[in-house]
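Everything on this sheet refers to the single structure shown next.
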Amino acid sequence: MDIYNMKAHEIKDKLQKKEISAAQVVKAYIDRIEKVDGKVGAYLEKDFDNAVDKAAVIDKKISLGEDLQGLAGIPCAIKDNISTKNVKTTCASLMLENYVPPYDATVVERLNNSGAIMLGKANMDEFAMGSSNENSAFKKVRNPWDLDRVPGGSSGGSAASVAAGEAAFSLGSDTGGSIRQPASYCNLVGIKPTYGRVSRYGLIAFASSLDQIGAFTKDVEDMALVLNSIAGRDYKDSTSYNIKTPDYTKSLSEDIRGMKIGIPVQYFGEGIDDDVKKSVLDSIELLKSMGAEAIEVDMPYTEYALAVYYILSSAEASSNLARYDGIRYGYRSKNYDDSIDLYIKSRSEGFGDEVKRRIMLGTYTLSSGYYDAYYNKALKVRSLVKKDFENAFKKCDCLVSPVSPTTPFKIGEKIDDPMSMYMLDVCTVPINIAGVCAMSIPCGFSNGLPIGLQLIGNYFEEEKLLKVGYAYQKNTNWHNLNPKVGE
Amino acid sequence: MGISADDVKYVAQLSRLEFKEDEIEKFTKDLSSIVGYVNKLNELDTEDVEALVNPIYIENDFREDDIKDSLDRENVLLNAPEKEEGYFKVPTVIEG
């Protein structure tokens, strides 16, 4: 098998057994990127020289007979809103086109410590706003399963890089589905950990009460390895939660007998494609045949989650993005009259349309006279959405639902109608609003396009998601299928 | 509650953004459709419901006030669009 199609744990195994070298692994991925990324567009910035140097260090350790740590020698891509010291971090925005962070995000530091090798920075929707990756200021990402279709967003480059064999795993961020939806569209495993499970220090903020860093992998076993290296409390992020980080590889068990799987009826309503619904229901039948017990649960506030999400995420974005004023870093307009005009021109020239739309919506909902009607109202309904989850988890270990109502759509199909694009997030945003964890895993195809299954877990119960996901993958083959791109 | 072109112009000013006339038209249409949708929340009576700002309650967790290295000035200024003698350079704010 080609190295670039291997799972991270397979590469790890072969490195340890000295069947392959880290230099070979890195070269295989660099060659693959050179071959296919012109078509896919997953990378914004490549960092090959450093990658080759790091591989040499790992090979030295192997030759000295040292045990390899967590992700030693495994090549990865990092979403371009996660700060990387001395490597450009643009958020796919003209605003940060030349921004070079003077420090590493905590997750990057942790990946470095576990020996992972970064190949470059992954393309995305500008400032992580979008569901199709068409909002990158620099170039579109294309779905490796069908180059005329979107890879999903906003972590589209992170997803496409792994799906196309241009990285063994990647990091992304998920504010309303930005990891799970592209994972679903690209036939990958994608996790949004519980709010507070993974440090966000160095993640360029979009909506601070919703943002969470997570990862894309080819299978659940790889996800356990990646989580082991990035999860845990960080004194630099006061919202990272003070709770023990388990060894996630220990939760990989095939035995799910007696586990209670909740089916939230509201996630299967109108608007969900028949093929998507069928694949998810078939998956539930499979989990039942493996000994899990399925029970229907009622989550009546689900239908309000999307409205809550677009109010809160936009309000928080309008506040977070106020920092881009052309003074300390980022784009500064060349033509301005005075300091106020400098802010206005720099922001109007530096931000793309979707970012402006969110800033405008957020500013509107926070403005005098509307604050109570929109922002405060949304915070109240947020309580109700959270209560739905609390009630559901009294009765079951995890919930199962679709990730996206559809399979990947054509590039350009929805870009002129923001509302139709927003509707795609209907099954993923409730999870961010409540702050619980969820993972997308491959569960089928429709007309050659991947479908994802969403497993939703209670606060800090990622282990249950991994357990169910691992058992599911032991009994299915979807996650072993690779796209034909480049052949 | 619809959104007018004047609303859009006012919010643009608050947001420190400016738009051409045709953009105003487009944003008025887009924002009206989004706000129309989120008005759905008014179906719910939330009189006695508490607002939830953060999904998980985290007690203030103070660290020791130790002196640690911070980024040096040169590094911080590396990304400045304009700088002079170790400072960010900005347009004149107070007329002399």
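Sequence lines set the chain letters: A, B, ... in the order given, protein chains first and strands last, and positions in each chain run from 1. These values consider heavy atoms only, across backbone and side chains, with no hydrogens, waters or symmetry-generated copies.
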Q. If you count heavy-atom pairs under 4.5 Å with chain A, which of B:P91, B:A80, B:S33 comes out on top?
A. B:P91

**Q.** Minimal non-hydrogen separation, A:S383 against B:V49, with atom names
**A.** CB-CG1, 3.7 Å

Q. For A:N86, is it the side chain, the backbone, both, or neither that has a heavy atom closer than 4.5 Å to a heavy atom of chain B?
A. neither

Q. Once you round to the nearest 0.5 Å, how far does CG of A:L384 lie from OG1 of B:T46?
A. 7.5 Å

Q: Look at A:D417, A:V100, A:L342 and state which one has the largest set of heavy-atom pairs under 4.5 Å with chain B.
A: A:V100

**Q.** Per-residue contact mode, A:A378 against chain B (heavy atom under 4.5 angstrom)
**A.** both

(Q) Would A:L306 and B:V38 count as a side-chain contact (heavy atoms from CB on, under 4.5 Å) here? Give the steps. (A) CA-CA 8 Å; A:L306 196 66; B:V38 301; over 6 Å; no

**Q.** Atom pair OG (A:S318) and CG (B:L14), whose distance is rounded to the nearest 0.5 Å
**A.** 10.0 Å

(Q) Whether the side chain of A:R347 engages the backbone of B:S15 through a donor-acceptor N/O pair (distance < 3.5 Å, no angle test) should be reported. (A) yes

Q: Taking A:S348 for its side chain and B:E18 for its backbone only, find out whether a donor-acceptor pair lies under 3.5 Å.
A: yes

(Q) Contact between B:V35 and A:L361 at the side-chain level, heavy atoms closer than 4.5 Å - yes or no? (A) yes

Q: Could you go through the side-chain contact (heavy atoms from CB on, under 4.5 Å) check for A:Y364 and B:V8 one step at a time?
A: CA-CA 9 Å; A:Y364 176 76; B:V8 170; over 6 Å; no

**Q.** Minimum side-chain heavy-atom gap B:I34-A:M419 below 4.5 Å
**A.** yes

Q. Most heavy-atom pairs under 4.5 angstrom with chain B, which of A:I311, A:L312, A:V436, A:L321?
A. A:I311

(Q) What's the separation between atom OH in A:Y235 and atom NZ in B:K68, rounded to the nearest 0.5 Å? (A) 4.0 Å

Q | Closest approach of A:Y241 to B:Y57 (non-hydrogen atoms, all atoms of both residues) | A | CE1-O, 4.0 Å

Q.
Looking at chain A, which one of B:Q13, B:K40, B:K26 has the largest number of heavy-atom pairs inside 4.5 Å, strictly under?
A. B:K40

Q) What's the shortest heavy-atom distance between B:P81 and A:G326, and which atoms? A) CG-O, 3.4 Å

Q | Part of B:L31 within contact of chain A (heavy atom distance under 4.5 Å) | A | side chain

Q: Would you name the heavy atoms of B:E82 and A:Y336 that are closest together and state the gap between them?
A: OE2-OH, 3.7 Å

Q. Using a cut-off of under 4.5 Å for heavy-atom pairs, which of A:D341, A:I340, A:T194, A:N376 has the most such pairs with chain B?
A. A:I340

Q. More than 12 foreign heavy atoms under 6.0 Å from CZ of B:F88: is that the case here?
A. yes

Q: Quick one: closest heavy-atom pair of B:E43 and A:Y304, and the distance?
A: OE1-OH, 2.8 Å

Q. If you count heavy-atom pairs under 4.5 Å between each of A:K345, A:K387, A:R382 and chain B, which one has the most?
A. A:R382

Q.
Taking every non-hydrogen pair under 4.5 Å, which of B:L77, B:D7, B:D30 racks up the most with chain A?
A. B:D30

Q) If you take all heavy atoms of B:P55 and A:A434, which pair is closest and at what distance? A) CB-O, 3.3 Å

Q | Step-by-step side-chain contact (heavy atoms from CB on, under 4.5 Å) determination, A:M360 to B:F19 | A | CA-CA 11 Å; A:M360 291 285 287; B:F19 297 102; 3.7 Å; yes

Q | For chain A, the option from B:K83, B:E50, B:R63 that forms the most heavy-atom pairs under 4.5 Å | A | B:E50

Q | Inter-residue atom distance B:R16.CZ - A:I359.CD1, 0.5 Å rounding | A | 13.0 Å

(Q) Pairing donors with acceptors under 3.5 angstrom, does anything connect the side chains of A:Y374 and B:N39? (A) yes

Q) Can you tell me how far the NZ atom of A:K386 sits from the CG atom of B:N54, to the nearest 0.5 Å? A) 9.5 Å

Q: Test side-chain contact (heavy atoms from CB on, under 4.5 Å) on B:V11 and A:Y370 and set out the steps.
A: CA-CA 12 Å; B:V11 175; A:Y370 296 106; over 6 Å; no

Q.
Under 4.0 Å between a side-chain nitrogen and a carboxylate oxygen: does that hold for B:E47 and A:K380?
A. no

Q) Is there a donor-acceptor contact under 3.5 Å from the side chain of A:K377 to the main chain of B:L44? A) yes

Q: Could you look at A:E303 and say if it's the side chain, the backbone, both or neither that has a heavy atom under 4.5 Å from chain B?
A: both

Q) Under a 4.5 Å heavy-atom cutoff, which of A:L379, A:D325, A:T239 has the most pairs with chain B? A) A:L379

Q: With a 4.5 angstrom heavy-atom cut-off, could you sort out which part of A:N98 is near chain B: side chain, backbone, both or neither?
A: backbone

Q. Which region of A:Y309, side chain (C-beta onward) or backbone (N, CA, C, O), has a non-hydrogen atom less than 4.5 Å from a non-hydrogen atom of chain B, or is it both or neither?
A. neither

Q. Got a second to check how far B:I56's CD1 is from A:S209's OG, nearest 0.5 Å?
A. 11.0 Å

**Q.** Portion of A:Y324 that has a non-hydrogen atom of chain B nearer than 4.5 angstrom
**A.** neither

